[in-house]
Amino acid sequence: MLMSEDKNVVMNAAGTIANIAESSDGRLWILQQAVFDDALPILGVLTVDPHQWAASNSALVLARLTLSQEGIVKILTHERSSYVLINLSSALCGHNPGNIKLT
């Protein structure tokens, strides 16, 4: 659903995940799902999506996952962590990720 062409579906899917991630049990459940490693880069892409609500709901998921040590470790050790974090920081700063220069 996060990859649907219908942005309202994406917005609602990310919003639902964000609601689940609101509780510590929900965060742990999300992190334990087999699809988490595939979903994380998708959430990273969605943080810079032109659809504001899809982007903000995706960023909210990532923010809530970092409320737990398990979430922080899972995100930072993911093979695409730099990509996800660059997109997230770009979204929060209002920059185009292609314009960020890493030194």
(request) Please go through Met11's hydrophobic cluster and name the other residues, only I, L, V, M, F, W, Y counting, with side-chain heavy atoms under 4.5 Å joining them. (result) Trp53
(request) Sort out for me which residue in Asn8, Asn57, Val10 forms a side chain to side chain contact (heavy atoms under 4.5 Å, CB included) with His51. (result) Asn8
(message) When you compare the side chain of Leu76 with that of Ile72, does any pair of heavy atoms fall below 4.5 Å?
(response) yes
(request) Determine, using the 4.5 Å side-chain heavy-atom cutoff (strictly less than), whether Val61 and Leu67 are members of one ILVMFWY cluster. (result) no
(message) I need the minimum non-hydrogen distance between Arg80 and His78, along with the two atoms involved.
(response) N-ND1, 2.9 Å
(request) Starting at OG of Ser81, measure out to CD1 of Ile75 and round the result to the nearest 0.5 Å. (result) 9.5 Å
(request) Evaluate the side-chain proximity of Asn87 to Leu46: yes if any heavy-atom separation is below 4.5 Å, no if none is. (result) no
(request) Only pairs at least two apart or in different chains count here, so list each side chain to side chain donor-acceptor pair (under 3.5 Å) that has a residue in residues 25-49. (result) Lys7-Asp49
(message) I'd like to know whether Ile20 forms a side-chain contact (heavy atoms from CB on, under 4.5 Å) with Thr16, so could you lay out the CA-CA distance, the side-chain angles of the two residues, the decisive distance to 0.1 Å, and finally the verdict.
(response) CA-CA 6 Å; Ile20 294 169; Thr16 300; 4.3 Å; yes
(request) Please identify each residue that fulfils side chain to side chain contact (heavy atoms under 4.5 Å, CB included) with Asn12, with sequence neighbours left out. (result) none
(request) List in chain and number order the residues that pass side chain to side chain contact (heavy atoms under 4.5 Å, CB included) with Leu31, two or more places apart in sequence or in another chain; answer none if no residue qualifies. (result) Phe36, Leu65, Ser68, Glu70, Lys74
(message) If I compare all heavy atoms of Leu2 with all of Ala39, which pair ends up nearest, and what's the gap?
(response) CD1-CB, 4.5 Å
(request) Could you pull out all residues at least two apart from Leu60 that satisfy side chain to side chain contact (heavy atoms under 4.5 Å, CB included)? (result) Ala18, Arg64
(message) My understanding is that a hydrophobic cluster links ILVMFWY residues whose side chain heavy atoms are under 4.5 Å apart, including indirect links. Using that, what else belongs to the cluster containing Val9?
(response) Met1
(request) Looking only at non-hydrogen atoms, find the nearest pair between Ala14 and Ala54 and report the distance. (result) CB-O, 4.4 Å
(message) Using the rule that Ile, Leu, Val, Met, Phe, Trp and Tyr join whenever any side-chain heavy atoms are under 4.5 Å apart, tell me whether Met3 and Ile17 fall into a single cluster.
(response) yes
